[in-house]
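Throughout, a chain's letter reflects where its sequence line sits, starting with A, and its residues are numbered from 1.
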2 protein chains.
Amino acid sequence: MRFSSQREAILSYIRGVQSHPTAQDIHESVKKIFPSLSLGTVYRNLNQLLEHQLITAIKQDEIVHYDGNISDHQHFRCKNCDSIIDLEFPVKDIILEHVPRFGHEIQAYELYMTGICKNCKNETK
Amino acid sequence: MRFSSQREAILSYIRGVQSHPTAQDIHESVKKIFPSLSLGTVYRNLNQLLEHQLITAIKQDEIVHYDGNISDHQHFRCKNCDSIIDLEFPVKDIILEHVPRFGHEIQAYELYMTGICKNCKNETK
DNA sequence: TGATAAGTAGGAATAATTACTGTTTATGAG
DNA sequence: CTCATAAACAGTAATTATTCCTACTTATCA
Ligand SMILES: [Mn+2]
Ligand SMILES: [Mn+2]
Ligand SMILES: [Zn+2]
Ligand SMILES: [Zn+2]
């Protein structure tokens with residue numbers, strides 16, 4: 001994979017936010033630096049970065065969200081405010097403990113939760 | 001929600017298979033009984049059945065898969081043969097144990113795993 | 001310093017899902 | 001049972017996230 005300023009800008013944008021942006025979000029933001037940036041370029045780069053495991057994708061919603069934090073963590077989406085929040089969970093432990101007996105080789109896993117976030121719960125009170 | 005023979009046929013098809021079919025799969029199969037069944041009707045019914053929690057959806061792949069088994073269980077997809085396999089995991093336990101400290105209200109969760117299934121692993125040997 | 005393979009912009013194509021329209025049908029009040 | 005009506009249906013058009021295509025540009029390295 002070779003360097004391009006667009007790719008660099010896309011990656012550093014994703015790494016710099018906590019918000020798990022969509023391709024559209026990324027396009028709109030990086031366009032401020034590269035006004036000619038096309039959405040196709042955003043998608044192509046996102047797929048490249050995924051292949052090289054520099055980012056991850058969250059595919060549970062209609063639209064894919066991207067994540068520059070590749071450490072092992074889980075996600076929670078609030079049905080009220082639609083924000084995706086990082087959670088650290090000992091999922092790996094129970095997978096390593098329970099999976100061997102099924103006989104499948106687990107290469108990746110994702111725990112995704114939905115509900116009402118702390119903030120929204122307090123606001124409605 | 002009111003009775004219709006199409007809806008009944010769609011639901012009983014989903015309940016009768018282990019394969020986690022897509023809307024296309026369901027359409028093709030139920031069309032054998034209702035040759036005039038339209039894909040739009042399949043989607044409309046799937047959404048109705050989801051709302052009434054008579055089925056669940058698996059949204060991690062590009063295409064949504066549907067599941068007539070609404071008991072608490074997890075899914076594993078084989079990257080080789082693409083089959084989706086049911087796994088029973090004590091996910092609920094660790095969620096109930098660890099989530100309260102984050103302060104969010106979890107209403108649903110999904111653990112999705114990918115890798116190579118038992119069968120495919122043995123075949124390549 | 002080129003040759004060239006990889007990357008880009010911009011627009012067209014794809015494909016899953018939803019929306020729309022006119023017709024049919026399940027349902028329950030009378 | 002009958003019939004008004006809201007829900008469901010078939011068929012088709014629209015939507016939309018994502019991928020593909022083409023001609024042009026650029027990073028890389030021999
Ligand atoms: Mn994250
Ligand atoms: Mn299942
Ligand atoms: Zn919220
Ligand atoms: Zn397999």
Legend entry - Sub-4.5 Å side-chain heavy-atom contact between B/Leu111 and A/Glu110: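 A side-chain contact is absent here, since even the closest heavy-atom pair is not under 4.5 Å.
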Legend entry - A/His27 vs A/Tyr43 side-chain heavy atoms within contact, under 4.5 Å: no
Inset, instruction - For DNA chain C, determine which residues of residues 22-40 of chain A have any heavy atom closer than 4.0 angstrom to one of its atoms, and list them numerically. - result: A/Ser36, A/Leu37, A/Ser38
Legend entry - Neighbour count above 12 (heavy atom, 6.0 Å) for B/Glu97 CD: yes
Legend entry - Other residues, nucleotides, ligands: >12 heavy atoms within 6.0 Å of A/Lys59 NZ: no
How many whole angstroms separate atom [atom1] of [X] from atom [atom2] of [N]?
X	N	atom1	atom2	value
A/Ile10	C/dG7	CD1	C1'	11 Å
A/Arg7	C/dA9	CZ	C1'	15 Å
A/Leu49	C/dG7	CG	C1'	13 Å
B/Glu62	C/dA16	CD	P	9 Å
B/Leu50	C/dT18	CG	C1'	14 Å
B/Asp61	D/dT18	CG	P	14 Å
B/Tyr43	C/dT17	OH	P	3 Å
B/His52	D/dA8	NE2	C1'	13 Å

Legend entry - Given DNA chain C, 5'-ward residue of the pair B/Ile63 and A/Asn45, judged by closest heavy atom: A/Asn45
Inset, instruction - Give B/Gln6 one of three labels, base, sugar-phosphate or nothing, depending on what nucleic acid heavy atoms sit under 4.0 Å from its own. - result: sugar-phosphate
Inset, instruction - Counting heavy atoms from C-beta on, name the nucleotide in D/dT18, D/dA10, C/dG7 closest to the side chain of A/Val64. - result: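 Ranking D/dT18, D/dA10, C/dG7 by closest atom to the A/Val64 side chain puts D/dT18 first.
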Inset, instruction - Please tell me which of the listed nucleotides, D/dT19, C/dT18, D/dC9, lies nearest to the side chain of B/Thr41? - result: D/dC9
Legend entry - Any B/Arg44 side-chain nitrogen or oxygen under 4.0 Å from OP1 or OP2 of D/dA8: no
Inset, instruction - Give a yes-or-no answer on whether the side chains of A/Asp67 and A/His75 include a donor-acceptor pair shorter than 3.5 Å. - result: yes
Inset, instruction - Could you run through nucleotides 24-30 of chain C and give me one letter per nucleotide, 5' to 3': B if any protein heavy atom sits under 4.0 Å from the base, S if only the sugar-phosphate is that close, - if neither? - result: -BBS---
Legend entry - Partner residues of B/Gln107 under the side chain to side chain donor-acceptor pair (under 3.5 Å) criterion, sequence neighbours left out: A/Lys79, B/Glu105
Inset, instruction - Have a look at A/Asn45 and tell me which of A/Thr41, A/Asn47, A/Val42 forms a side-chain contact (heavy atoms from CB on, under 4.5 Å) with it. - result: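 Going through A/Thr41, A/Asn47, A/Val42 one by one, the side-chain contact (heavy atoms from CB on, under 4.5 Å) with A/Asn45 is satisfied by A/Thr41 alone.
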Inset, instruction - Please check if the side chain of B/Arg7 supplies one atom and the backbone of B/Gln48 the other of a donor-acceptor pair under 3.5 Å. - result: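 Absent.
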Inset, instruction - Before accepting this row, confirm whether a basic side-chain N of the pair B/Asp61/B/Arg77 lies closer than 4.0 Å to the acidic partner's carboxylate O. - result: yes
